[in-house]
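The block underneath contains the structure these notes are about, expressed in structure tokens.
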There are 2 protein chains.
Amino acid sequence: MARAGLTAEQVTIAGAELADQVGLDRVTMSQVARQLGVKDASLYSHVRGLEDLRGRIALLAADEKTIRIAEATAGLAGKDALVAFANAWREYAHRHPGRYTATQTPIEIDPELAAKALGPRRAVELTYGMLRGYGLAEPDLTDAVRLLRSTFHGFVALEAAGGFAHRRSPQQSWVRALDALHTLLEHWPPSVGDS
Amino acid sequence: MARAGLTAEQVTIAGAELADQVGLDRVTMSQVARQLGVKDASLYSHVRGLEDLRGRIALLAADEKTIRIAEATAGLAGKDALVAFANAWREYAHRHPGRYTATQTPIEIDPELAAKALGPRRAVELTYGMLRGYGLAEPDLTDAVRLLRSTFHGFVALEAAGGFAHRRSPQQSWVRALDALHTLLEHWPPSVGDS
DNA sequence: AGGTTTATCCTAGGATCCCTAGGAACGAAG
DNA sequence: CTTCGTTCCTAGGGATCCTAGGATAAACCT
């Protein structure tokens, strides 16, 4: 019998693919093991357990998503950058629903593992960089970043949950939302309810 | 032995409370049964199974959330209505994280059960009603509703997932986001990328 | 009240899953 | 070739979901 020669990454990738196919909550140690042609107990040499696997999938997805966004927004500024950023985000969520869900699930991730992942930090930089063209200063910048991320995530989450049952296509509303966010950023309101 | 005298609603409520305490994914038939002082097999007289229970929790939560929002926005208009709507939404998510998660999870719900639930329809009406003051017409209205719902949901979801690790308090960003959305609705942009 | 019916709750058990313990075999390193 | 570390295995405990079928409490009806 030749040995499978697995690594933690391969297990993670198998889990991520399974998550995209059948949903994150249906990713099971046994299923992943079967997929890899291995007994489930064997996975524990590479991964601490199901929790840990989920965390790894989340980190993998965060990295991948960040990379897609970085590629999509490279060299762009202003509205072009905003649209490219948002579309890359949404496209990743569509293409990899299971992975995307993993990024959103509040999981405790092994700290020493998270330290290695450059995804999150990179993502923050990217978002701030995208907003550079709009001339915002702190703390408005942070507020704007949070608003954008909220809208992007909320939209794709509702989309995935079937929250847009209406006739109008989500795509049209999406384009419109980006238009709206762009003009909003251009005329970022002065602190109205200055509490 | 006196009989427990359960109903589907009581099982659902027990499940919902458990979800708020330990997280939706940790809601198990056995746990709910233990909580109710009953063997797990007994629950299947009231609920089809775990899937079904989750669906019922989701519908319950949707109803509750809608009611809170309706109470909060009663008699209000314009920005007051917007802020009250959004705060009621966020507050419900904070108070009932498990229930709220259930509303977001893409679950297939028993159609005949969903037909009874007035939550979703009511919620749609409420949202459209809240926007009445801004003088938008279709299809802008639908786009605006989707944008708002996306932002609200996205914000609380990221908040729950620990996505706002920054120094600035989420509360401040939230207030700011509502200001921004308000001015956005007042100056809803003409269709820019009219594709 | 007594008997019938219905629904609730039970015991029993199969299938699946997570995870641990400890042993076997493969591959590399001396 | 021997030794050693790692990968993978078998075996098994504990938990879960769910079904089947039986007991029994409560409601209903004459």
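- Rounded to whole Å, atom P of dT16(D) lies 13 Å from atom CD of Q35(B).
- The distance from atom NZ of K39(A) to atom P of dA24(C) is 18 Å, rounded to the nearest whole Å.
- With hydrogens and angles left out, the side-chain atoms of D40(B) and S30(B) include no donor and acceptor closer than 3.5 Å.
- Going from atom CE of M29(B) over to atom P of dA15(C) covers 21 Å, rounded to whole Å.
- Between Q31(A) and R48(A), the one whose closest nucleotide on DNA chain C sits nearer the 5' end is Q31(A).
- Going from atom CG of D25(A) over to atom P of dC17(C) covers 14 Å, rounded to whole Å.
- The separation between L50(B) atom CG and dC17(D) atom C1' is 8 Å, rounded to whole Å.
- Listed nucleotides dC9(D), dC17(D), dT19(D) differ in distance to V38(A); the shortest reach to its side chain belongs to dC9(D).
- Ranking dT16(D), dT19(D), dT20(C) by closeness to the Y44(B) side chain, first place goes to dT19(D).
- The side chain of H46(B) lies closest to dC9(C) when the candidates are dC9(C), dC17(D), dA11(D).
- When only modelled atom types and interatomic distance are considered, W174(A) and N87(A) share a side-chain donor-acceptor pair under 3.5 Å.
- Checked against a 6.0 Å centroid threshold, the rings of H96(B) and Y92(B) count as neighbours.
- When the nucleotides dA11(D), dA20(D), dC17(D) are ranked by their closest atom to the side chain of A41(A), dA11(D) comes out on top.
- Side-chain nitrogen and oxygen atoms of R26(B) include none within less than 4.0 Å of the OP1 or OP2 phosphate oxygen of dT16(D).
- OP1 or OP2 of dT16(D) has at least one side-chain nitrogen or oxygen of R34(B) nearer than 4.0 Å.
- In this entry the distance linking CD of E51(B) with P of dT16(D) reads 18 Å, nearest Å.
- Under the 3.5 Å distance criterion, the side-chain polar atoms of T151(B) are matched with a main-chain donor or acceptor of L147(B).
- The side chain of S45(B) contributes no N or O atom lying less than 4.0 Å from OP1 or OP2 of dC9(C).
- Phosphate proximity of dC9(D) to S42(A): present, with a side-chain N or O under 4.0 Å from OP1 or OP2.
- A donor-acceptor contact under 3.5 angstrom links the side chains of R90(A) and Q171(A), judged on distance only.
- Taking atom CD of residue E9(A) and atom P of nucleotide dT7(D), one finds them 13 Å apart after rounding to whole Å.
- Taking atom CG on D40(A) and atom C1' on dA21(C), their separation rounds to 14 Å, with Å as the unit.
- Between T28(A) and the phosphate of dT16(C), there is no side-chain N or O to OP1/OP2 separation shorter than 4.0 Å.
- Taking only side-chain atoms of L6(B), from C-beta outward, the nucleotide of dT16(D), dC19(C), dC9(C) with the closest atom is dC9(C).
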